[in-house]
Amino acid sequence: MAYLPDDLYCHRLDDPQAGPHRPISQGDVFADIPLTGPAQRDAKQEDTWRAAKPRTGPKSFGMIVTHPCAGRSPSTNRLNPVLSVAPVVRCPSEWGPPWDGHLDLFPLPALRDASDYVAKLNEVGPMPSEAFEGHRIACLTSGGLTALYHRLARNSIRYPEIPAHFGTEAERLTNETDLWERWTEVRETEEGFQDWLSGDFEGQPEEDENGEPVAGTATASGQPRRAVLVWNIDELRRELEDELGTSRGEAEPPASPPDPT
Amino acid sequence: MRQLGHTGSVPPGHLGQVPGIRLVSYDLKDQRQVVAMTSPAATYLLPELSELSLADTGTRAPSRGEINLLHGTVVIGAITKDEAESLRLHHWLSFPSSGFQWVPRMSSPLSSAPPSGEAPVADTASAPPAETWPPLAPGASVVAIASRIHGLSGLSDEELAAIFKVTRETFNRWRSGALNNPTPGSRRRLGLVLRVLEEGHAHGVNLKDWLLNTLPSPEGLTPYELLQKGHIEEVAYLAAELGAKDLQAQQASEEPLEDDLIFGDDDFWTSSDLEGVDDDVV
């Protein structure tokens, strides 16, 4: 059974760039990027293989399928030089909702110009990440990512279910990207966010018998914020706004005068 | 709400502190449905009994003052009657209790009710029988979600309250409907826990035992302890492993044959002048 939520995209534009402040992540779709394809047999020399010409141009679409943990440097958090990208092409006219079967395809309905497209999961290839900047046309929601995980699992190993794990992992990734997007929007740089996310979570306040939060009851448990991205996203959003509010627009304190002694 | 005969003191309208009660309803088609799952030290509303008539179904409704519950016994009591065609019986399964003694008047389901006074059928109180809990629809009420979490997990209100960092009273009120406006965070967390429990239940796992007694996580924490720390992702990952055997059976089924799709002119590759090399050089 296919699964595709109604709200598949959190950003989608017919012109790049969708979500200008949003860090590049799994499920993002790009236009006018160099796609690499399968080797081609030489027409004259049967035993010779030749590299396929990269597919380029405004209609050369691709979707990142690499998980962010594998797609970014653990030390710098910058994108790795090469990411795995599935070619995205127009959807064959004979296939459509409810998108059953054809497990090698991930549907992208109304991706561009109100036309349906599909990501070809059997033709995933390497792509230089430097080509992504300014070319994104769509980002997936948490539900869209869950559907992508399901499709990848069904295509690769015929995993039949959508376990809660797919949903929580998609939610974790989406929450992190949402917070990072907010950070980048305010700070105008992606730098520093991951350090903040690794910092101590300030705790979840307890609620009284009427279900109201009790002030002063939030206690840090020594957990990093990234450990509670799903469970405590509401608290993390507040902590992020506090972080951005205290540091945004504040003038640097004047330098202390030199010690006369 | 009428008060039935009992040996303990019961506040008007309340069943009192009777632990481990499972309320089950039967309709005229003998479709059994678990209405709610109780836990120790919880309070439940006692249904109306007096105006009911089971003559249509051939069973006899217990009269006032005759309903009692004992450990391991079963009681059938008529709770509500919507219309003559939709009489509902509620079936209580009791577990060790303190302060109250309830004896059954009838011991069998709607379709095969024994004569009154027959000895009740003891139920195995050690493990909850397999019940079918279909997943709740999206947008379910707080009452439905909290009750379902309570029923699926087998945990007490106090144990569940510790997960959500609320008071025991708050969680109890979520279940009873006295409180139906949790914070957005609590509402979201209720949904997260429900999703994981429904998955475990679908695979026939004793969720209470799994939550409290298994140590599958690398840190040596039980799923319940992980939930207390807010590590829902880890618990969801562990829950996904519960259905591994079921998945093998599903995967073995044959897939239907599909026709080849015809793609457009944007799906093509052409050959370059570059010839392949034998070593792994990029």
Side-chain angles (χ1 to χ4, degrees), chain A residues 37-43 45 48-55 59-61 87 89-95 101-103 105 118 120 157-161 163-169 171-172 201 204-213 217 221 223 227-235, chain B residues 161 164-170 173-174 179-186 188-189 192 195-200 202 227 229-243 246-247 250-251 253 255-256 258-259 261-276 282:
Chain A
Q40 305 287 304
R41 192 184 288 277
D42 188 288
Q45 296 174 278
T48 301
W49 292 91
R50 300 204 177 273
K53 283 184 181 176
R55 190 189 300 163
K59 293 187 179 180
S60 177
F61 300 157
V89 298
R90 286 196 307 275
C91 180
S93 57
E94 58 268 42
W95 195 48
H102 301 293
L103 301 176
L105 304 177
V118 292
K120 304 188 80 177
I157 58 172
R158 292 300 185 260
Y159 195 85
E161 294 186 345
H165 164 62
F166 284 2
T168 52
E169 176 59 22
E171 198 164 334
R172 188 197 65 76
F201 172 51
Q204 173 188 333
E206 298 187 0
E207 297 179 10
D208 61 21
E209 62 275 10
N210 294 316
E212 295 294 328
T217 57
S221 59
Q223 294 190 96
V228 292
L229 269 166
V230 177
W231 194 252
N232 291 112
I233 183 58
D234 309 274
E235 288 79 12
Chain B
F164 297 99
K165 299 223 173 4
V166 299
T167 64
R168 183 189 68 79
E169 289 77 14
T170 295
R173 290 178 180 180
W174 284 344
L179 203 59
N180 60 4
N181 59 340
T183 61
S186 287
R188 195 176 46 78
R189 286 185 276 269
L192 288 169
R195 186 166 52 182
V196 172
L197 293 180
E198 284 182 335
E199 179 170 330
L227 285 175
K229 295 170 72 70
H231 293 185
I232 184 67
E233 304 99 306
E234 289 186 57
V235 179
Y237 185 82
L238 295 171
E241 296 179 337
L242 295 174
D246 296 345
L247 294 179
Q250 291 184 47
Q251 286 173 299
S253 62
E255 293 179 357
E258 296 174 340
D259 295 329
L261 296 175
I262 300 174
F263 289 90
D265 59 4
D266 60 340
D267 183 29
F268 68 96
W269 301 104
T270 57
S271 176
S272 71
D273 296 330
L274 292 175
E275 189 174 324
V282 178

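Excluded from the calculations below are hydrogen atoms, water molecules and symmetry mates; all remaining heavy atoms, backbone and side chain alike, are included. Protein chains get the first letters and strands the later ones, always in sequence-line order, with residue 1 at the start of each.
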* Can you name the nearest heavy-atom pair linking A:Lys53 to B:Trp269, along with the distance? ->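 Reported closest heavy-atom pair: O-CE3, 3.9 Å.
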* Asked: Is a side-chain N or O of B:Thr183 found less than 3.5 angstrom from the main chain of A:Glu212, in a donor-acceptor match?
  ->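 The answer is no, because no donor-acceptor pair under 3.5 Å joins these two groups.
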* To do: Please confirm whether the backbone N or O of A:Arg172 pairs with a side-chain atom of B:Glu233, one donor and one acceptor, at under 3.5 Å?
  =>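 No; judged by distance alone, with no hydrogens or angles, the pair does not exist.
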* Asked: Does a side-chain N-to-carboxylate-O contact under 4.0 Å join A:Arg90 and B:Asp265?
  ->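 A salt bridge is present here (some side-chain N lies under 4.0 Å from a carboxylate O).
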Rounded to the nearest 0.5 Å, what separates atom [atom1] in [X] from atom [atom2] in [Y]?
X: A:Trp231; Y: B:Lys165; atom1: CH2; atom2: NZ; answer: 8.0 Å
X: B:Glu241; Y: A:His165; atom1: CD; atom2: NE2; answer: 9.5 Å
X: B:Arg189; Y: A:Asn232; atom1: CZ; atom2: CG; answer: 5.5 Å

Could you tell me which portion of [X] (side chain, backbone, both or neither) has an atom closer than 4.5 angstrom to a non-hydrogen atom of chain B?
X: A:Gln223; result: side chain
X: A:Ala52; result: both
X: A:Leu105; result: side chain
X: A:Arg55; result: both
X: A:Asp208; result: backbone

* To do: Go through the structure and list residues passing side-chain hydrogen bond (donor to acceptor under 3.5 Å, both in side chains) with B:Arg188, not counting sequence neighbours.
  =>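 Once residues adjacent in sequence are excluded, the partners of B:Arg188 under the side-chain hydrogen bond (donor to acceptor under 3.5 Å, both in side chains) criterion are A:Asp234.
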* 4.5 Å side-chain heavy-atom contact, A:Val118 and B:Phe263 ->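 Answer yes - side chains close enough.
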* To do: Could you tell me which residues satisfy side chain to side chain contact (heavy atoms under 4.5 Å, CB included) with B:Glu199, sequence neighbours excluded, listed by chain and number?
  =>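 Per chain and number, B:Glu199 pairs via side chain to side chain contact (heavy atoms under 4.5 Å, CB included) with A:Pro163, A:Ala164, B:His203, B:Ala239, B:Ala240.
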* **Largest heavy-atom contact set with chain A, pairs under 4.5 Å, which of B:Leu192, B:Leu261, B:Val196, B:Ile232** =>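 Max contact count across the listed options: B:Leu261.
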* Between B:Val235, B:Ile262, B:Asn181, B:Leu227, which shows the greatest number of heavy-atom pairs under 4.5 Å with chain A? ->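 So the answer, after comparing B:Val235, B:Ile262, B:Asn181, B:Leu227, is B:Ile262.
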* **Leading residue by heavy atom contact count with chain B [cutoff under 4.5 Å; candidates A:Ala227, A:Pro54, A:Ser221]** =>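 Ranked by contacts with chain B, first place is A:Ala227.
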